K.L.:
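One structure, as structure tokens, below. Some questions next.
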Amino acid sequence: MADAPFVSVSGLDIDLEVPGGRLHAVRDSSFDIALGETLCIVGESGSGKSMTALGLMGLLPSNAHRSARRLRVGNHDLLSLNRREMADLMGREMAMIFQEPMTSLNPCYTVGNQMSEMLIRHLRMGRRPALTLARDWLDRVGIPPTAGRLDQYPHQLSGGLRQRVMIAMMLMCSPKLIIADEPTTALDVTIQAQILHLLAGLQRELGITMIFITHDLGVVSRIADRVAVMYAGQIVEMGRTREILRDPQHPYTRGLLECVPAPGKTRPGAHLGTIPGTVPSLVGQLSGCGFAGRCPHAAVGCRGEIPALTVRADGRQVRCLFTPDALWSAA
Amino acid sequence: MLRFLLRRAGLALLVALCVSMLTFALLNITIDPALAMAGEDATDQDIQALRVAMGFDRPAHVRYLDWLQSVLQGDFGVSPYFGLPVSDLIMDRMPVTVTLGALATAFAVIIGVPLGVVAAIYPNTLIDRVSLSVAVFGQAIPNFWFSLMLIILLAVQFPIFPVSGTEGFSSFILPTIVLGTNAIPPIMRLTRTGMLDVLSSDYIRTAWAKGLQPRQVFFKHALRNAIVPVVAVAAIQAANMFGGSIVVEAVFALHGIGMLAYESIQRSDIPTMQAVILIFSLFFIGFSALSDVINAYLDPRIRVS
């Protein structure tokens, strides 16, 4: 970690133009990721985790506005790149795997066509060598080359196979950063485990830096080096996975962990925790801590100012006015 | 793919047969062929004699099968009005109509599809508004008026094109513009809607994420998906234009199938009418079958279902 971080995001804001006004999907988001590290961004729907990923890739919808103090990947300052320069990086230096394998491949083109066009575009390969390499990559993601998969169309493949194709396609140009946006959410549980295993294995093997977006804390514990917890467009807690899972310091993180059954600890029939209330409206400015309305520990001060993301003793960052000692020991 | 083609051809044949049956029945119900053929001065005896002589007294299904048999051998009978074999009349008129139809279809597609694509790439901009205006204009403008305006401007004031007739390619240009302009709006608007729809889809986001050039995203990935419904509509438009336009052919004095249809209806010329209607329906059947084949080629999912 002594070196400059591979990915450096500072002050990322993403607003969406919506009928009711401006929706602040991501507010003042900052994080660094070291080379080869996996950062998991967790949070519930609408917390801004997908928007953070799309914002980094420059894939935001047309009604979105992005601003940031710093947005760096490797040696590239993403803020200074124009569309064409950005397109040169996308798929080549930084790639993205999407949540919906069923709809993320073009129904009109064969697997081989969609895979090889990446190689033709970025590596200036010819069609034949590109197809050969595509076949090798299919083998690498567990699709046997015998089945003539390159000539098949997406609708002829299952969801799990399509996601394998997607992973192979996005890793083919050996990107240094891969952003995976809930890549296993739409799949069957058994397939989820396989895909996760495959992705984590390839990531380690190729030394890729990864941003993995999920709402599944089980997944986090298996693959993340560090975790960023997002709530209402803000990062509320960020730190090493083990520390965050064992000793959450933000009341929201704690609430999130209590929603998950712990094998061996949670007795059958026991009630799982829930977080009462709903996410605040993201239209307009927050006047205090975004979680104050649902927080069991909220005090008067929580509604008056937005807490800053402060660094604590163990290097962890928490956006809360109180320390855990003050919060949980009183209860 | 072969099975798909065979099935599609079988279906087309069946539809053609039904259309021919329906045409035959309707014409024989509404018009007495003997009466129409005999003319206004004929006596009852003359008509009866003609009826027997021409075999019009036989039951309808016998006459239909008889007619169908001749048609399958390329014999559409003799036109009582023109006094010529109907097949000769058709062969004489067909080239004009087919040329006009092909040119107008090409014109409509070449203008309509790119306009729709550009409007979808830049939605709610000036370009989008202008192409929408073009669409409204094309849809609202009456053919006969537009024809006359073009003739006044481009054939009389500035004599660039001939006023009428079928001498050479240049005489087809004005009729092509008139006929094609009518087909631009549906093609353009459907292309725009289809593209807008496809451009917000997940696989287009994937294409951007792959770092493909805008040209590849728009034309390779988006257009192929967006064009599928357009092909079906363009096929109907093409069939319409290949079937001949009575108004355009009349204004520009093009002696095509449209004029032939008009003349045969005026004279109650049953054999010619039957042939023209059959050919018109064959164009529809042919073009819709063609559009299915094109779409099956474009979208592999259609080949299966």
Side-chain angles (χ1 to χ4, degrees), chain A residues 50 53-54 56-63 83-111 113-123 151-156 162 165-166 169-170 172-173 175 178-181 186, chain B residues 1 4 113 117-125 127-128 191-192 194-232 291-305:
Chain A
S50 283
L54 292 173
L56 198 56
M57 279 293 283
L59 287 174
L60 290 168
S62 59
N63 63 336
R83 260 184 89 126
R84 185 180 304 169
E85 291 163 334
M86 193 65 203
D88 286 340
L89 291 189
M90 288 155 87
R92 179 76 182 89
E93 297 280 316
M94 48 198 289
M96 186 153 179
I97 296 165
F98 296 98
Q99 181 175 354
E100 270 299 336
M102 301 312 274
T103 52
S104 290
L105 291 169
N106 194 326
C108 285
Y109 293 98
T110 59
V111 167
N113 185 320
Q114 295 187 56
M115 289 179 76
S116 60
E117 77 177 343
M118 292 273 297
L119 300 166
I120 295 167
R121 158 79 171 92
H122 290 297
L123 307 182
D151 298 325
Q152 286 191 315
Y153 290 92
H155 72 266
Q156 294 167 301
R162 285 188 216 188
V165 168
M166 185 64 116
M169 185 163 83
M170 288 304 185
M172 267 189 321
C173 294
I178 185 102
I179 301 174
D181 185 5
Chain B
M1 192 66 185
F4 172 83
V113 171
V117 170
V118 170
I121 294 176
Y122 306 102
N124 304 319
T125 58
I127 301 170
D128 188 16
T191 307
R192 179 183 182 272
M195 279 294 280
L196 276 178
D197 204 35
V198 169
L199 284 176
S200 64
S201 67
D202 287 347
Y203 55 83
I204 292 302
R205 194 177 57 185
T206 306
W208 289 120
K210 287 158 85 174
L212 299 181
Q213 319 268 18
R215 168 174 50 85
Q216 288 174 295
V217 176
F218 291 134
F219 295 102
K220 179 180 173 184
H221 284 275
L223 188 57
R224 182 153 174 174
N225 283 280
I227 207 79
V228 167
V230 180
V231 171
S291 86
D292 283 357
V293 172
I294 293 176
N295 281 341
Y297 165 74
L298 289 175
D299 188 342
R301 288 168 301 178
I302 297 173
R303 283 172 229 163
V304 195
S305 56

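Keep in mind that this is a model prediction, so the values were computed, not measured. Numbered from 1 within each chain, the chains take letters A, B, ... in sequence-line order.
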K.L.:
What part of A/R83 gets closer than 4.5 Å to chain B, counting heavy atoms only: side chain, backbone, both or neither?
P.N.:
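The answer is the side chain of A/R83.
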K.L.:
For the side chain to side chain contact (heavy atoms under 4.5 Å, CB included) test, which of A/M172, A/M90, A/M170 pairs with B/K210?
P.N.:
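Per the side chain to side chain contact (heavy atoms under 4.5 Å, CB included) rule, the option paired with B/K210 is A/M170, out of A/M172, A/M90, A/M170.
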K.L.:
Does the side chain of A/Q114 reach to within under 4.5 Å of the side chain of B/T206, using non-hydrogen atoms?
P.N.:
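Heavy-atom side-chain distance check fails, nothing below 4.5 Å.
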K.L.:
So which part of A/R92 gets closer than 4.5 Å to some heavy atom of chain B, the side chain, the backbone, both or neither?
P.N.:
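Nothing of A/R92, per the 4.5 Å heavy-atom cut-off to chain B.
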K.L.:
Where on A/L54 is there a heavy atom nearer than 4.5 Å to chain B: the side chain, the backbone, both, or neither?
P.N.:
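Contact with chain B involves the side chain of A/L54 alone.
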K.L.:
With a 4.5 angstrom heavy-atom cut-off, could you sort out which part of B/Q213 is near chain A: side chain, backbone, both or neither?
P.N.:
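Interface part for B/Q213: both.
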K.L.:
For chain B, find which of A/E100, A/H122, A/M96, A/M166 contributes the most heavy-atom pairs closer than 4.5 angstrom.
P.N.:
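Of A/E100, A/H122, A/M96, A/M166, A/H122 has the most heavy-atom pairs under 4.5 Å with chain B.
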K.L.:
Examine distances only and state if a side-chain atom of B/H221 and a backbone atom of A/Y109 form a donor-acceptor pair shorter than 3.5 Å.
P.N.:
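No: the side chain of B/H221 does not pair with the backbone of A/Y109.
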K.L.:
Report yes if the side chains of A/N106 and B/K220 come closer than 4.5 Å at any heavy-atom pair, otherwise no.
P.N.:
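No, too far: nothing below the 4.5 Å cut-off.
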K.L.:
What residue, out of A/S104, A/A87, A/G91, has the most heavy-atom pairs lying under 4.5 Å from chain B?
P.N.:
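Answer, by heavy-atom pair count under 4.5 Å with chain B: A/S104.
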K.L.:
Would you mind checking which part of A/M102 comes under 4.5 Å of any heavy atom in chain B, side chain (CB onward), backbone (N, CA, C, O), both or neither?
P.N.:
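Contact with chain B is absent: no heavy atom of A/M102 under 4.5 Å.
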K.L.:
Can you tell which part of A/Q156 gets under 4.5 Å to a heavy atom of chain B, answering side chain, backbone, both or neither?
P.N.:
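For A/Q156, neither part sits under 4.5 Å from chain B.
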K.L.:
From B/I227 CD1 over to A/C108 SG, what is the distance, rounded to the nearest 0.5 angstrom?
P.N.:
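Between B/I227 CD1 and A/C108 SG, I get 11.5 Å after rounding to 0.5 Å.
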K.L.:
How about A/T103 and B/S201: do any of their side-chain heavy atoms sit closer than 4.5 Å?
P.N.:
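Counting from C-beta outward, A/T103 and B/S201 never come under 4.5 Å.
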K.L.:
Below 4.5 Å from any heavy atom of chain A, which atoms of B/L212 appear? Answer side chain, backbone, both or neither.
P.N.:
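It is both, since atoms from each part get that close.
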K.L.:
Heavy-atom distance under 4.5 Å to chain B: side chain of A/M86, backbone, both or neither?
P.N.:
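Neither part; nothing is under 4.5 Å.
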K.L.:
Main chain of B/G211, side chain of A/R121: is a donor-acceptor contact present, judged purely on distance under 3.5 Å?
P.N.:
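The answer is yes, because a donor-acceptor pair under 3.5 Å joins these two groups.
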